[in-house]
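Presented below is the structure to which this report refers.
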Amino acid sequence: MMEYDFRKIEERWREQWKEKKVYKVNNPTAEQPAKPKFYVLDMFPYPSGAGLHVGHPLGYIASDIYSRFKRLKGFNVLHPMGFDSFGLPAEQYAIETGQHPATTTEKNIGTFKAQLDKIGFCYDWEREVRTSDASYYKWTQCLFLQLFNSYFCNTQKKARPISDLIRKYETQGTKHFTAAQWNGYTKKEQQEILMKRRLAFSSYGEVNWCEALGTVLANDEVVNGVSERGGHPVIKKKMRQWYLRITAYADRLLEGLEKVAFSESMKEMQRNWIGKSEGAELEFRLTPNPSPAGEGSKTPIQTANKDSWPILKDLSRENRKSNTLAEDILWQRLGGNQLDSKARRRHVIENFIIDFAFLNERLLIEVDGDYHNDEEQQSYDDSRSAYLNQIGYKVIRFRNREVEEDTDTVIAKIKEELKTRASLSLGRGVGGEAINVYTTRPDTIFGVDFLVLAPEHELVSKITTDDQRAKVEDYLTYVKSRSDRERMAEVKQITGCFTGAYAMNPFDGKQIPIWIAEYVLAGYGTGAIMAVPCGDQRDFAFANHFKIPITNIIGDFYNGEEANPTKDATLQNSGFLNGMLMKDAIGVAISKIEELGIGKRKVNYRMRDAGFSRQRYWGEPFPVIWEDGIAVPLNENELPLELPFVEKYGPGPEGEGPLANIEEWVNVSWEDFLRSTWVDLTEENAHLESVKRETSTMPGYAGSSWYFLRYMDPKNNETFCDRSASDYWNQVDVYIGGTEHAVGHLLYSRMWTKVMYDLNLIGFDEPFKRLVNQGMIQGSSRFVYRVAGTNKFVSYSLKNNYEVNDLHVDVNIVDGIELNVDSFRQWKSEYANAEFILEDGKYICGVETEKMSKRYFNTVDPVMLTDKYGADTFRMYEMFLGPVEQSKPWDTKGIEGVHRFLRKLWRLFFDELKGKIWNNDKATDAELKVLHKTIKKIESDTENFSFNTAVSAFMISVNELADLKCHKKEILEQLLTLLVPYAPHIAEELWHELGNEGTILDASYPVLEEKYLVETSKEYPISINGKLRTTISMDVNALQPEVEKIVLENDIVQKWLEGNRPKKIIFVKGKMVNVVL
RNA sequence: GCCCAUGUGGCGGAAUUGGUAGACGCAGCAGACUCAAAAUCUGCCGUUCGCAAGGGCGUGAAGGUUCGAUUCCUUUCGUGGGCACCA
């Protein structure tokens, strides 16, 4: 054979490899002791109906190259493949066509495998897993039961069997109940308490509910508040759901990132998702709402503590007779309504007698004698003020002397204070509800101008005043109609509604209006925020929009135009924090908050528990039976709980999943139930009709959270993965996949791994040692321009002369940017008579980069390319496109270059006319140098996933060997071993041509010998003032004095020196010389 | 709005820790072989001035550090991706 007939070669070797089970991977046994292992894993695909496009194999080729490389390096390599085959698209397709998801899934997997096979991957298909196979999801269900039967121990920070917790409750109780109480609870009460600790638990959560379709929709399926299909309204509805308590693992998921090799950006994404923040939770007391007009003025205001009132009343009357001079002076100026606000003298508030009180403004004035300088007295005064503050009053103190000597200033201060405190109407007594807010910036507490509650906040209806109720109701209706995605998408739109209620700032008693707004989310923190417009841009925009006055606490740092979230400002208008740097004030404020008992330091996570049930058919059924509101798990020996066959895939009653429609499946007979449960329920408790199976199914990520373990022991019927197998294969050494799974899948599988580790089911607590993210391959779309109303098509640069419509055209009938007009006429019947307005005799298409998708006609089928150029060319070309981790548009036109390279390689072995030309001659030093240079480069590039540069190194190597006319087995054999990870078929073929048996994968990787790379001289670049002017060849061992001499003698250097002496000469051995003038 | 990534010829991209910018490939041009085409081979190929020798300018833009910057720092602009408006 003289020609490179890749079709014949590739087909033959694929058959041989299969027949001889070349890719079979064995777990170590007693007879076959363990080699060092290496585990290379691809994210397994969802087998969609569309089949593979050229974007899919990118990561698979990279992992295949790496696997083969590691195998040649002497490792036992596990490199499996399988299918994530449960999911929504198959179910949608079933609803539309009536075909069972199992059937379409099976068919799609067949297509995927056929396509993958054409690329020549080294998967051991005997280890294939499919998440939708009962033999697989049996173990998914089993692991769910492990989660259900475990809790997170906050002391040991790990998962433990729930039986440990039950034992503790039975013997010790907790701070909430005693052991005796626990033992007295009903079974149901006990189960409800336990449910709050289980790692897989059931609770109520909001879902997108579409009444018209009678079904729950995914965020994807909701557009502008209506269902994507049919346009029916969608609202939020609370339903019973399963969750995984991933929040318990938040800290360990963060810490775990320190010990894995993920890219920094990937770790950053996970950190942001977990979103740990430190701050404080604190309480804003509500001020009672204004009394109806008239009533308030008639009813006497009772501010005193009822119990101590009789004593204090007399005391206060007594006191009024013995006033100080200062008090009298002040009373003359404040008495009655002189300051447009009623002042009271010697007024009792709670247990204190206050000198002067403005009750409407909740402002208290105290006038003190000199004995208040006493330290003990001061601390008493402070705590008294703090208490009064807390219940909503502001206290200002003056000294007697101050009042006597400068009455006007004192009065001015009081006036000022009355003005800044908005009029505050007071009902009966103080206290009542409080609003808990979470803030990361307690230092800005004096800049709070309003509070905002999430619309879903439980206090909203309670605090709304009658005047505002109608508006609030309207707003709530509006919010209910909006999906989470919309609330996120329309950032610019500011909406909100005033509740009519007020709270007071715990530090200065300032009255603060309470609003609701959709920008505050119920699920994060406490669902309520304190808004500081001068420091937070969203609060600022809100204040501006609703004309809420803004308090500036950061002086010049705030310009009135926009908020400034700095922590470097010095606080102003901030009471006891005045003059402090904000970053220092955070701690001070938290301490004060804790001291006053109005709040506490709080670590918060943005991450929420993961919703784990779907009201769908095509997923794992939950191994759970509901008995009178108690979730009773199946026993392990009853698994798998197989997904029953259904006729229709529509939703069940009340939005339940399709399974709810199968009565005989849902209703479990009492005998069967009793036989299966761990709960020793007695016949008396039985309510036969209420024993029903859970009808929702598990989400897509259930099966994918642990599949990497199943590959280690895929056929095991006793356990999900034998401990000896998971101990041997251990962590995935390299995991390859796209960034779209950065947070979802990767966090869930990390959590499951940690749970399994805690329960001692496996021996490691991070699943993936190293993660490589492949970039996305984008489509490169082509456009033609149809002149409006005609069947004429105008070439790209002439289109502006016409009124045209842009139309996507199939990339496969465009050569580069030139349209094949004949193919175009054949492409669709409507274009059969198309006419063209050409430029330079060609039709040039427009180009745009967008997502690769069938609807843009920009997908390229890998099979088309492997048929035309062969798998080896295709593999190398995908790698040659650019760095694996980088996103790039697909462009087929460069593939010829790679194909030429392989043909050129072939011609090192065969000549068209002479036939075989390889020989057994002894290699020259020059040839060995080429070889070892290549070994060095390929080895390090492969290890670093720099496959694009490796391909170019192969090209350079073959070019150089061709120039040297090297056809020597001694060189070529090793070159083939380097090449086999990249181009396995041609390498195997030529390796056998050289007389070898077996498979080249069992050959050993070439060993670099540095001696062939030693150079004696080096072409040094010579720069003058950093600009390259010439090069001079010098001995590699030459030292500075010698080099300087040679350089200064050089004609070109002398020309630039113009007779001057250089300032200095910089010489870096082996690198360069720079002459500084 | 926030977070991450990225910007180098006509194009994909290359350039150890700062040390010869544009490797390798595509496209293009010229030539050899051929009746012709394909295949293959040889040469040219950032831009600009120049007959040439040889210069000037060039890694999104503007500054800075340095003997020397695609690489480090500051500011700024563009593009792509992600997100749960995260208090």
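Every chain is numbered from 1, with letters handed out A, B, ... down the list of sequences. Atoms considered below: every heavy atom in the structure, side chains included; atoms not considered: hydrogens, waters and symmetry mates.
In this structure, R1029(A) reaches the sugar-phosphate backbone alone: every heavy-atom distance under 4.0 Å involves primed, P, OP1 or OP2 atoms, never a base. Within 4.0 Å (heavy atoms only), W1056(A) reaches sugar-phosphate atoms of the nucleic acid but no base atom. Residue contacts for N604(A): at a heavy-atom cut-off of 4.0 Å it reaches no nucleic acid atom on any strand shown. If you check every strand for non-hydrogen atoms under 4.0 Å, K267(A) touches nothing. P883(A) comes within 4.0 angstrom of the backbone, heavy atoms only, and of no base. At the heavy-atom level, N1074(A) lies under 4.0 Å from base atoms of the strands shown. Within the nucleic acid shown, L881(A) comes within 4.0 Å of sugar-phosphate atoms alone, with no base atom in reach, counting heavy atoms only. Contacts of T949(A) with the nucleic acid, taken as non-hydrogen atoms under 4.0 Å apart, involve only primed sugar atoms and P, OP1 or OP2. Counting any heavy atom pair closer than 4.0 Å across all strands shown, M266(A) reaches no nucleic acid atom. Within the 4.0 angstrom heavy-atom criterion, only backbone atoms of the sugar-phosphate kind lie near K1027(A); the bases stay farther away. Contacts of D539(A) with the nucleic acid, taken as non-hydrogen atoms under 4.0 Å apart, are absent.
Map D963(A) and V898(A) each onto its nearest nucleotide of RNA chain B; the residue landing nearer the 5' end is V898(A). Comparing G527(A) and P889(A) along RNA chain B, the residue whose closest nucleotide (by nearest heavy atom) sits nearer the 5' end is P889(A).
Nearest to the side chain of N959(A), among G19(B), G25(B), C26(B), sits G25(B). For R538(A), taking side-chain heavy atoms from C-beta onward, the closest of the listed nucleotides G25(B), U20(B), C86(B) is C86(B). Minimum atom distance to the side chain of K893(A) is reached by C26(B), of the listed A23(B), C26(B), C41(B). Residue V1076(A) places its side chain closer to C67(B) than to any other of U17(B), C67(B), A87(B). Of the listed nucleotides (A87(B), U17(B), C41(B)), A87(B) has the atom at the smallest distance from the side chain of I529(A). With G19(B), C86(B), C4(B) as the choices, the nucleotide that has an atom nearest any side-chain atom of M1072(A) turns out to be G19(B). Considering only side-chain atoms of M955(A), the nucleotide from C24(B), C86(B), U40(B) that sits closest is C24(B).
Separation of the C1' atoms belonging to C83(B) and C29(B) is 50 Å when rounded to the nearest angstrom. Atom P of C11(B) sits at a distance of 11 Å from the matching atom of U47(B), rounded to the whole Å. When the P atom is compared between A32(B) and A52(B), the two are found 24 Å apart, to the nearest whole Å. The same atom, P, is picked in U17(B) and in U70(B); the two are 16 Å apart, to the nearest Å. Atom C1' of A21(B) sits at a distance of 22 Å from the matching atom of G28(B), rounded to the whole Å. Nucleotides U66(B) and A5(B) are separated by 29 Å at their C1' atoms, to the nearest Å. Spacing of C1' atoms, G80(B) relative to C86(B), comes out at 25 Å, to the nearest Å. U71(B) and U6(B) have their P atoms separated by 14 Å, given to the nearest Å.
Here G12(B) presents its C1' atom at 12 Å from CD1 of I777(A), a figure rounded to the nearest Å. Separating the OH atom of Y1020(A) from the P atom of C67(B) is a distance of 21 Å, rounded to the nearest angstrom. We find that OH of Y519(A) is positioned 16 Å from C1' of C2(B), with the value rounded to whole Å. Atom CZ of F901(A) is separated from atom P of C41(B) by 13 Å (rounded to the nearest Å). Rounded to a whole Å, the CD atom of Q270(A) is 18 Å from the C1' atom of C86(B). Spacing between atom CG of D891(A) and atom P of C11(B) amounts to 12 Å, rounded to whole angstrom units. What separates NZ of K1063(A) from C1' of G68(B) is a distance of 14 Å, to the nearest Å. Taking atom CD of E896(A) as the reference point, atom C1' of C11(B) lies 16 Å away to the nearest angstrom.
Within the shown strands, nothing qualifies as a pairing partner of G68(B) under the Watson-Crick or G-U definition with both distances less than 3.5 Å. As the counterpart of U6(B), G78(B) is assigned, both hydrogen-bonding distances of the Watson-Crick or G-U wobble pattern falling under 3.5 Å. Nucleotide U20(B) has no partner under the Watson-Crick or G-U criteria, as no pair reaches both atom distances under 3.5 Å. Pairing of C44(B), defined by two Watson-Crick or G-U wobble distances under 3.5 Å, is identified with G28(B). In this structure C83(B) sits in a base pair with G1(B), meeting the Watson-Crick or G-U test at under 3.5 Å.
Shown here for Y877(A) and D891(A), the closest heavy-atom pair between the two residues is OH-O, 2.5 Å.
Note on E896(A) versus K868(A): no salt bridge recorded, every NZ/NE/NH1/NH2 to OD/OE distance being 4.0 Å or above. With respect to D536(A) and R441(A), no salt bridge is recorded, no charged nitrogen being found less than 4.0 Å from a carboxylate O.
Side-chain contact, D449(A) with T551(A): a donor N or O sits under 3.5 Å from an acceptor N or O. Using modelled atom types and a 3.5 Å distance limit, the side chains of Y605(A) and S277(A) yield no donor-acceptor pair. No side-chain N or O of Y1020(A) forms a donor-acceptor pair with one of S1033(A) less than 3.5 Å apart. Side chains of K904(A) and N959(A): a donor-acceptor N/O pair is present below 3.5 angstrom, by distance only.
Here CD1 of I1032(A) is found 9.5 Å from CG of D1051(A). Values are rounded to the nearest 0.5 Å.
For R271(A), no side-chain nitrogen or oxygen approaches OP1 or OP2 of C3(B) to under 4.0 Å. For U40(B), one of the phosphate oxygens OP1 or OP2 lies less than 4.0 angstrom from a side-chain nitrogen or oxygen of R903(A). Taking only side-chain nitrogens and oxygens, K1055(A) comes nearer than 4.0 Å to OP1 or OP2 of G55(B). Residue Q886(A) has a polar side-chain atom (N or O) positioned under 4.0 Å from OP1 or OP2 of G13(B). At least one side-chain nitrogen or oxygen of N948(A) sits closer than 4.0 Å to the OP1 or OP2 atom of A14(B).
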Working note: E960(A) + K933(A), criterion salt bridge (charged side-chain N to carboxylate O under 4.0 Å, His left out); need CA distance, chi angles, decisive distance, verdict.
CA-CA 11 Å; E960(A) 287 178 352; K933(A) 198 175 71 180; 3.0 Å; yes
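For G9(B), the glycosidic angle deviates from 0 by 90° or less, giving a syn base.
Between the side chain of N944(A) and the backbone N or O of S946(A) there is no donor-acceptor pair closer than 3.5 Å.
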